[in-house]
*Asks:* 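Handing you a structure now.
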Amino acid sequence: MHRTAMLPEDWWDLTAEALTEDPAGQDVVALRARVDRLRRALAGRAVVDQACGMVMVLAPCSSERAWSLLVDVSQHCNVKLRDVAAALVATTKDQELPEAIQREWRRALRRLHALERR
């Protein structure tokens, strides 16, 4: 059986300056940074999943193809994937896609349809 260490309630309130004075504190700072990155990644993942679903419906395709289209648009626009996905999801709230993303979506969809014709 694993033991669980009980931490004082104010443990998370320790300042980064106090923590970086010893190696264990440096580990805590690094772990906090990792947790923050994971939280942001999880938040971004939800919007990417929503956008994938939209693409699957709008351009009837598999989830893998929808993911590929999102990545393709992201790379060609030089915009982060989560930002492309958020822009696409925002269209459900009457927001327009930015022009660069619109242009790349059209190109990506043409490439998709060209592949299907083969």
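Numbers for residues simply follow the sequence, beginning at 1. Just the heavy atoms: all of them, side chains too, but no hydrogens, waters or symmetry mates, feed the values below. As the structure is a computational prediction, the values presented were derived from the model and not from experiment.
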*Asks:* For a quick test of reading the model, state the closest non-hydrogen atom pair linking A66 to C61 and the distance between them.
*Replies:* N-SG, 3.8 Å

*Asks:* Would you call R45 and D49 a salt bridge, taking side-chain N to carboxylate O under 4.0 Å as the test?
*Replies:* yes

*Asks:* Got a second to check how far L69's CG is from R107's CZ, nearest 0.5 Å?
*Replies:* 14.5 Å

*Asks:* For E104, is there an ion pair with R110 - N to carboxylate O distance below 4.0 angstrom?
*Replies:* no

*Asks:* Can you name the nearest heavy-atom pair linking L70 to V48, along with the distance?
*Replies:* CD1-O, 4.0 Å

*Asks:* For R103, check side-chain hydrogen bond (donor to acceptor under 3.5 Å, both in side chains) against everything at least two apart and list the hits.
*Replies:* none

*Asks:* Measure the shortest side-chain to side-chain distance between V84 and V71 over non-hydrogen atoms and say whether it is less than 4.5 angstrom.
*Replies:* no

*Asks:* Per the side chain to side chain donor-acceptor pair (under 3.5 Å) rule, what does the pair list look like for residues 51-77, sequence neighbours excluded?
*Replies:* S62-E64, D72-H76, D72-R111

*Asks:* Would you say CG of N78 has more than 12 non-hydrogen atoms from neighbouring residues, nucleotides or ligands within 6.0 angstrom?
*Replies:* no

*Asks:* Going by side chain to side chain contact (heavy atoms under 4.5 Å, CB included), name the residues that satisfy it together with Q50, two or more places apart in sequence or in a different chain.
*Replies:* V47, V89

*Asks:* Once side chain to side chain contact (heavy atoms under 4.5 Å, CB included) is applied, do any residues pair with P60, and if so which ones, sequence neighbours excluded?
*Replies:* none

*Asks:* Can you name the side chain to side chain contact (heavy atoms under 4.5 Å, CB included) partners of A59, sequence neighbours left out?
*Replies:* L109, L112

*Asks:* Taking atom CD of E96 as the centre, does the number of heavy atoms from other residues, nucleotides or ligands within less than 6.0 Å exceed 12?
*Replies:* no

*Asks:* If you look at every heavy atom in C77 and A100, which pair is closest and at what distance?
*Replies:* SG-O, 3.5 Å

*Asks:* Enumerate the residue pairs fulfilling side chain to side chain donor-acceptor pair (under 3.5 Å) with a member in residues 79-91, sequence neighbours excluded, ordered by first and then second residue.
*Replies:* none

